[in-house]
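Heads up: the structure comes next, in structure tokens.
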Amino acid sequence: MKLKDFLYYTYIFPVLAVVYYFLNLMGTGVVYDIIAGILLTGSVLSAVHHAEVVAHKVGEPYGTIILALCITIIEVALIISLMTAGGEQAITLARDTVFAAVMIILNGIIGICVLVGGVKYYEQFFARTSATTYLVSIVSILVITLVLPNFTSSVNGPFYNNAQLIFVSIACLVIYGVFLMVQTVRHRNYFIVSDEESGEEHYIPNKTQAIISFFFLVVCLIIVVLMAKGLSKTIEDMVQSVGAPKSLVGVIIAAVILLPEGLAAIRAARNNQIQSSLNLALGSALASIGLSIPAVSVVCIMYDIPLVLGLDKKDIILLSLSVFIVMLSLSRGKTNILYGTVLLVNLAAYIFTVIVP
């Protein structure tokens with residue numbers, strides 16, 4: 001790569017964001033926070049670009065796995081750092097963040113992708129076996145992590161005791177591990193649509209470009225989370241100033257963290273690559289809950305931090321509705337604008353009931 005290649009916004013924004021973050025200017029005034037927001041947005045867009053470069057180099061489904069794992073690692077780091085610093089007020093943080101991420105992915109990202117693709121192409125086609133494989137894993141993990149704690153009796157309330165947490169964590173890792181083996185080895189063809197079928201030809205970057213983009217992808221994801229955490233107090237004050245519940249802060253931060261993969265999935269849908277969009281969205285949902293809960297459980301057991309996992313009745317209903325609609329929407333192997341519209345209405349209902357519980 002030539003020196004001038006590093007003058008593109010995809011390289012400039014992450015570097016400026018890193019410098020700005022370590023200058024500790026966030027939270028010192030409205031103007032400084034606006035600048036931080038601009039740099040945060042630029043870093044998100046840069047992450048999308050570098051993720052696509054890496055995905056084109058390693059091919060499907062490995063490219064989408066890399067992005068999903070990067071997002072999940074950063075999400076876990078953010079949850080743990082906030083929990084260890086938040087005391088008793090943070091006992092529901094892991095549950096609320098993971099739940100918000102799952103709802104945004106299942107309803108928001110998939111909904112926009114299906115709607116965008118439906119508007120442009122009327123119908124888009126994907127492998128039903130891939131959607132079924134994702135959803136079987138996601139539904140199982142969702143129930144044992146976010147629903148079952150409400151019905152156990154070893155501990156009062158929506159908690160697991162340590163033994164139960166260990167079992168649930170192992171169960172999540174087993175399901176996710178076997179899923180990865182299915183996705184990458186035994187049934188890799190479930191998750192791939194050839195370029196001839198999609199009608200697209202891709203530029204394949206060289207090894208040096210892929211390594212540089214992977215480095216910048218990691219930098220972008222880290223700085224996005226750090227700046228989101230730094231701006232969380234500003235966001236919280238803004239939410240409280242309009243009288244909205246504090247739980248809305250978790251939704252906003254989850255949305256910021258999910259922006260890179262969300263934009264990448266939407267761009268794939270616009271390019272008639274709905275299979276890649278679903279790989280990104282469903283893969284992220286599975287990684288988000290399948291890896292986040294075990295990691296957070298280990299930290300909570302080690303530091304004796306209470307961990308609330310069980311959802312309340314309202315959230316269980318919304319989660320059940322979302323999973324049911326996604327399963328119906330992806331059951332035929334093709335999409336249209338109605339499916340996307342219904343999913344986005346579900347997302348609106350979720351966000352509205354967060355604001356007006």
Checklist line | Nearest-0.5 Å distance, NE2 of residue His187 to CE of residue Met181 | finding: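 If I round to the nearest 0.5 Å, the distance is 8.0 Å.
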- Task: Check the pair Leu165 / Leu309 against side-chain contact (heavy atoms from CB on, under 4.5 Å), numbers first and verdict last.
- Result: CA-CA 10 Å; Leu165 271 180; Leu309 284 179; 3.9 Å; yes
Within 6.0 Å of [atom1] in [X], more than 12 heavy atoms from elsewhere:
X	atom1	result
Tyr176	OH	yes
Tyr32	OH	no
Asp304	CG	no
Ile337	CD1	no

Item to complete: Could you point out which residue of Thr132, Thr133, Ile138 forms a side chain to side chain contact (heavy atoms under 4.5 Å, CB included) with Val136?
Response: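 Going through Thr132, Thr133, Ile138 one by one, the side chain to side chain contact (heavy atoms under 4.5 Å, CB included) with Val136 is satisfied by Thr132 alone.
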Checklist entry - Under a single-linkage definition using a 4.5 Å side-chain heavy-atom cutoff for Ile, Leu, Val, Met, Phe, Trp and Tyr, are Val143 and Ile317 assigned to the same hydrophobic cluster? => result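 No, separate clusters.
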Just checking, any donor-acceptor pair under 3.5 angstrom between side chains of [X] and [Y]?
X	Y	answer
Tyr121	Arg270	no
Asn346	Ser322	no
Ser130	Gln275	yes

* Decide ring-ring contact (aromatic ring centres under 6.0 Å, His included) for Phe13 and Phe216; before the verdict, give the C-alpha distance in whole Å, the side-chain angles of both, and the deciding distance to 0.1 Å. => CA-CA 10 Å; Phe13 267 108; Phe216 272 93; over 10 Å; no
- prompt: For the residue pair Ile109 and Leu258, what are the closest heavy atoms and their distance?
  reply: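 Looking at all heavy atoms of both residues, the closest pair is CD1-O, 4.3 Å.
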Checklist line | Aromatic ring proximity Phe179/Tyr134, centre distance under 6.0 Å | finding: yes
Examine Phe215 together with Tyr11 and report whether their ring centres are nearer than 6.0 Å.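 No, the ring of Phe215 stays outside the 6.0 Å limit from the ring of Tyr11, centre to centre.
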